[in-house]
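All ligand and atom numbering here is 1-based and tracks the order in the structure. Given the structure is predicted, the values throughout are model-derived calculations rather than measurements. All heavy atoms count here, side chains included; hydrogens, waters and symmetry mates do not.
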Amino acid sequence: MTLLAPAQTDLLDLTPEELTDALAALGHKPYRARQILAAVWRRLAGSFDEMTDMPQSLREELGRRYVIGAARVEEVARSEDVRTAKYLFALGDGAHIEAVAMREEGRLTACLSSQVGCAMGCAFCATATLGFTRNLTCGEMLAQALLISRLEARITNIVFMGMGEPLLNVPSLLKAVAALADPSRFGLGTRKITISTCGIIPGIEALAESAAPVRLALSLNSPFDDQRRELMPVSARYPLAEVLAACDAYTGRTGKPVLLEYVLLRGINTSPASARELVRIARRLDGKVNLIEYNPTQGLPFRAPETPETLRFRDLLMKEGVTVTIRFRRGRDIAAGCGQLAARRIGAARPPGGRP
Ligand code: SAH
């Protein structure tokens, strides 16, 4: 994939209908759109030159008008065990975003970004130190998935847990999800796509009403509203009780239980009292809990728990019958935590309010 020239359109921003109409306006038959879509999504073609089932003149015309995804790979870092690869992408305006590919038992999960930077200001998060630049386009989200599929293997699962808050970019996100779930395009089941939010209630509601409701994950990180507000300022705007009610409604509407994500911060949210309250919330939502070992971020005053602290916390949840998974800090040798590679690259990893 290459970057957009001024007169070009990102093909990945178009719905199949829009592509068909655009080609019709140029005098081409609808089957050309189907051919292009099959090349892009089935054969993972990255350029029109590869579409040898179409005449040369058409390929050249398409190449002048369109790019297939306005992003290019700038850097790939692979963990020592080679199962985790972190991608740094450059976008048309010079912005950088990142995505992570994780291989596990026959699965390839891609963790995608939804914004350049983030405005949520979570105290522990590397992306927060970058501040917010802009929303990603639908095409920029899809380009991450296509490039990873092309360079690694077919993606089997997608999580929007990279940079940014996906539910503050709902129109483009829903368009991208539609392409990912469409059997004639990326063709992932809606159960294989997860959107992770810090708790944006209107976004949760919009997702529940959407045509293809996917799985929702809530970054809880503390079961106590006051502590959560300190870690995640968004909680002042959308208090925990109201977010949990929106999650209940999401499950009621879609039949999909909400996954609770919980980043373990040493000495902060790993007490037995935290575990008890987390059990209460998990039972109420009928949801699984995904414990995430904190990925230490330069300049931020948080640490990961030692393994016994992690396991003790997990056991407290399991004893109460809660289904728990742990994401250990895989890929820490390549700074695979959210926003860490881009932060290092841009050189902006510093505490919010710290000296530039
Ligand atoms: N804004 C969305 C998605 C991006 S953050 C959200 O808040 O869910 C994705 C997940 O990474 C969140 O659960 C967040 O709490 C977690 N996270 C952020 N920084 C982290 C770090 N340094 N180590 C481990 N997890 C982190």
Counting from 1, what ligand 1 atoms have a heavy atom of [X] closer than 4.0 Å?
| X | value |
| --- | --- |
| Cys198 | 6 (C), 7 (O), 8 (O) |
| Cys125 | 18 (C), 19 (N) |
| Thr297 | 22 (N) |
| Gly162 | 4 (C) |

When you measure from [atom] to each heavy atom in [options], which option holds the nearest one?
| atom | options | result |
| --- | --- | --- |
| atom 10 (C) of ligand 1 | Glu261, Glu293, Met120, Met163 | Glu261 |
| atom 17 (N) of ligand 1 | Tyr294, Phe124, Phe160, Phe302 | Phe124 |
| atom 6 (C) of ligand 1 | Ala126, Pro166, Ser219 | Ser219 |

NZ/NE/NH1/NH2 to OD/OE distance under 4.0 Å, Glu293 and Arg266 = no
Any side-chain donor paired with an acceptor under 3.5 Å for [X] and [Y]?
| X | Y | answer |
| --- | --- | --- |
| Asn269 | Ser274 | no |
| Asn135 | Gln115 | yes |
| Glu165 | Ser114 | no |
| Gln144 | Glu140 | no |
| Glu261 | Ser196 | yes |

key: Test side chain to side chain contact (heavy atoms under 4.5 Å, CB included) applied to Met163 and Leu130, Val116, Thr133, the passing residue   =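 Output: one option passes, namely Leu130.
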message = Tell me the contacting part of Val263 for ligand 1: side chain, backbone, both, or neither, using a 4.0 Å heavy-atom threshold, strictly below.
response =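 For Val263, the contact with ligand 1 is made by the side chain alone.
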request  = Examine the proximity of ligand 1 to Asn221 and report which part, side chain or backbone, both or neither, has a heavy atom under 4.0 Å away.
outcome  = side chain
query = Do Arg154 and Phe186 meet the cation-pi criteria used here (NZ or CZ under 6.0 Å from the six-membered ring centre, within 45° of the axis)?
reply =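 That pair qualifies as a cation-pi contact.
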ask   = Hey, does Gly164 sit under 4.0 Å from ligand 1 if you only count heavy atoms?
value = yes
task = May I ask whether Glu165 has any heavy atom positioned less than 4.0 angstrom from an atom of ligand 1?
result = yes
